[in-house]
Each structure stands twice: as C-alpha cells, then as structure tokens.
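Quick caveat, the model's predicted, so the values are computed rather than measured. Numbering of ligands and ligand atoms starts at 1, following listing order.
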Amino acid sequence: MSQKHQTLGEFIIEHQSSFKYTSGELSRLINSIRLAAKVVNYEVNKAGLVDILGTAGETNIQGEHQQKLDVYANEKFIQTLVNRNIVCGIASEEEDDFIAINSNDQNHQNKYIVLMDPLDGSSNIDVNVSVGTIFSIYRRVTPVGTPVQQDDFLQKGREQVAAGYIIYGTSTMLVYTTGDGVNGFTLNPAIGTFYLSHPQMQFPESGTIYSVNEGNYSHFPQGIKNYIKYCQKEEGDRPYTSRYIGSLVSDFHRNMIKGGIYLYPTSSKNPNGKLRLLYECNPMAFIAEQAHGNASDGHTRILDITPTELHQRVPFICGSKNMVHKVEEFMSAAASS
Ligand code: AHM
Ligand code: MG
C-alpha cells in the first residue's frame, strides 16, 4: 500500500503481522485508543466554546487541582477500553489505584494493561496551549483469567510492548511505537480520520534546543546548572536556544522533529523530580529510544529503573542522543568533584 494516503486503521492492519505476539489484540487496543483520542480531541477543541474550562473542584492523589477536561479525558479513555473489553487493567494519573477489569471472570482472556496520563499539561488548557495524552502498554505478568495485581503495573519500562501520545495542537496527531520505530498520524478533522504524516520519526543525533523550567534554576543539582550554563555560553557553532512550552508532549514532539533536549531534574522543590515514571517518563522514553533518541534520570537509563509505586516520580532528561549524554557527563563530573 502506498504510504502517501495511508490511514491509521490501514497502517495498524498492515503492521499487525510484524508484531511478535500477533493475535490482533494489540491492534484492537490501539484502535480503541484511536477512537478515544478522537472523542477527547473534539472536546478539547471546543473547550473555549462551552463552559467546560476551569477546576472541577476535585483534587487528585498528587494534591493537584483537576481541570474538568482531565476528568473528561480520563473517563473517555477508561470507558472506551472497558466497553470494548480490550484490557485487563488500567492505571491513570487521575486514579489513586489501578483498575482491575472483569476481575471475577475466569474466562476473561485479555492480556494487556494500559497506563496513561489522559490529559498531560492540563494547566495549559485555560490559555489555549497544546496538551496531550500519553499511554503505555504492557503484557500482564500474572496469570490470564485472574485479577490483575500491582506487579502487572510495576514493570520496567523496557518491558513495554507499545507506547504513544496524542498531541492536541495546531493539528491533532497520534504518535506511537510498537517497538519497530515511531510513526506519526495527523487527524483530518473534517472526516475524523488519522493519516500517516510522519513515517519513521527520528530525533536528530544532536540539536540546539533545550527545554527546561529555568525558573527553578537555583534549586537544580550542580550538574544540571553546569549544563544550562554550557548551553547559554555561545561558542563557535554551539548556538543553543531555549524553548519551554511546559507541556511535556508538545516540548518532546518539537524536540524530536527539530533536535533538542527536555529536562525536568530534581530540585529542592521536587526532590524526586516532577514527572511520573510509569505513565509519563517510561512511554516517552520508549518512544525516544525507538526514534534514536535517549532518556535518562541523569545517571540511569529510564527504561531500566525498577518501579516501586504507581505514582512514582523521577528526574527526566530526554531527547537527542548526544545532548542526553552530555547532561550525563555533567552530572557525573559534578558528582565526583
Ligand atoms: P501534569 O501531569 O500535572 O500536567 O504535569 C506535567 C507537566 C508536563 O507536561 C510539563 O512539562 C511539566 O508538568 C511542567 O511543569 P512546570 O510547570 O513545573 O514547569
Ligand atoms: Mg501529567
């Protein structure tokens, strides 16, 4: 099939056989995410028109205010996955604990679990800045037909079978990997169809963009401060530029296309970093590695970290390979000085 006008649906069918566990279950799961993405996209895009903006009045487990659209996106993704009877468990940034699906039905044969951040960067919604959905998919490790357990969710990132994000931006895109490269699909809103627009996406090996909340500079570890100073000091052909949207999916997406690095390090305000390992860092790290980029906590590969809890936070440094290595060099130099 010509890639020129290939839809996401066609792409999923065409690539189903290249997936090593090829039962069609993962394809159906990605199709469900595609459907939920379209529903959420519709709602995000009309957010300015209806009175859906603002705080829902609830607080999530991290003590943050939830926007109404966070709640809506969370419900839509969960509903779609549950109604289509496609997964055995779901964990979400917006849910205190994981959800076991059909836990009392021994005939329930679903093997996959999904972890997600249904609407990341949601503090940006009120000001019409791009937000995103992030998802991560694993095969369960406990026996099929039994209720899912915490162990099914606390797997290392390198065990992911698929991961992706949806960016609700100037156009809406779904970008995902099943471990065979990264492909991006753009939604044609007139007909509600995603088309392959960015085949085999790759981070440039090096870049000139660094994305970090520099307002936290004085609280950063010395290695990160030194790296930022290194970026700021223009020398020869090293003209770095700073771009920070404050919406992980958008910053990551731009850096993957143009070449750059995203940093959310530890700080005295956020001693473990801010971003969550299981449904923010791991999926983005998997996508980054599949796109020839890199992701680290400053010392360790993100995908090798052993999770200890569902809402665990880690420092996150992700982007063009050479830039991530440079940060690791600065981190170890600062640690040994
Ligand atoms: P959220 O899950 O509460 O939306 O927080 C995650 C977001 C990321 O998208 C973004 O990169 C980061 O938090 C911005 O944080 P800060 O405002 O501290 O720079
Ligand atoms: Mg988030």
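A cation-pi arrangement is absent between Lys225 and Phe330, since the terminal nitrogen or guanidinium carbon is not both under 6.0 Å from the aromatic centre and inside a 45° cone about the axis.
Taking the centre of each ring, Phe252 and Tyr262 stay at or above the 6.0 Å mark.
Screening Tyr195, Tyr165, Phe11 for a ring-ring contact (aromatic ring centres under 6.0 Å, His included) involving Phe185 leaves a single residue, Phe11. A side chain to side chain contact (heavy atoms under 4.5 Å, CB included) with Phe135 is found for exactly one of Phe77, Tyr176, Tyr279, namely Tyr176.
Checked by distance only, ligand 1 and Asp251 stay at 3.5 Å or farther apart across all their nitrogen or oxygen atoms. At least one N or O atom of Gly121, backbone or side chain, sits closer than 3.5 Å to an N or O atom of ligand 1. Considering backbone and side-chain atoms alike, Tyr264 places an N or O below 3.5 Å from some N or O of ligand 1.
The Glu280 neighbourhood of ligand 1 comprises atoms 2 (O), 6 (C), with distances under 4.0 Å to a heavy atom of that residue. Atoms of ligand 1 found under 4.0 Å from any heavy atom of Asp117, numbered from 1 in the order shown, are 2 (O). Listed by number with element, the atoms of ligand 1 under 4.0 angstrom from any heavy atom of Ser122 are 4 (O). Residue-ligand proximity, Leu248 to ligand 1, at heavy-atom distances under 4.0 Å covers atoms 8 (C), 9 (O), 10 (C), 11 (O). Heavy-atom contacts of Tyr244 reach the following atoms of ligand 1: 11 (O), 12 (C), 14 (C), 15 (O), 16 (P), 19 (O) (cutoff under 4.0 Å).
Contact annotation: for Asn213 versus ligand 1, heavy atoms closer than 4.0 Å belong to the side chain alone. With a 4.0 Å cut-off on non-hydrogen atoms, Val249 does not touch ligand 1 at all.
Two residues are said to be in side-chain contact when any heavy atoms from C-beta on lie closer than 4.5 Å; Ile101 and Ile86 fail this criterion. In this structure, the side chains of Met331 and Ile224 come closer than 4.5 Å at one or more pairs of heavy atoms.
Side-chain atoms of Thr241 and Arg243 include a donor-acceptor pair closer than 3.5 Å.
A salt bridge is absent between Glu159 and Lys156; no separation between the charged side-chain nitrogens and carboxylate oxygens falls under 4.0 Å. With respect to the salt-bridge test (charged N to carboxylate O, under 4.0 angstrom), the residues Arg301 and Glu289 qualify.
Closest to the Mg ion (ligand 2) among the N, O or S atoms of Asp117 is OD2. If you look at Asp120 and ask which of its N, O or S atoms sits nearest the Mg ion (ligand 2), the answer is OD1. Among the heteroatoms counted here (N, O or S) of Glu93, OE1 is the one nearest to the Mg ion (ligand 2). Among heteroatoms of the N, O or S kind in Glu280, OE2 lies nearest the Mg ion (ligand 2).
Look at Leu275 and you'll find a heavy atom under 4.0 Å from some atom of ligand 1.
Nearest to atom 10 (C) of ligand 1 by heavy atom, out of Gly132, Ser250, Ser267, Gly246, is Gly246.
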When you look at Ile90 and Ile113, which way does the side chain to side chain contact (heavy atoms under 4.5 Å, CB included) test go after all the steps? CA-CA 6 Å; Ile90 302 172; Ile113 60 137; over 6 Å; no

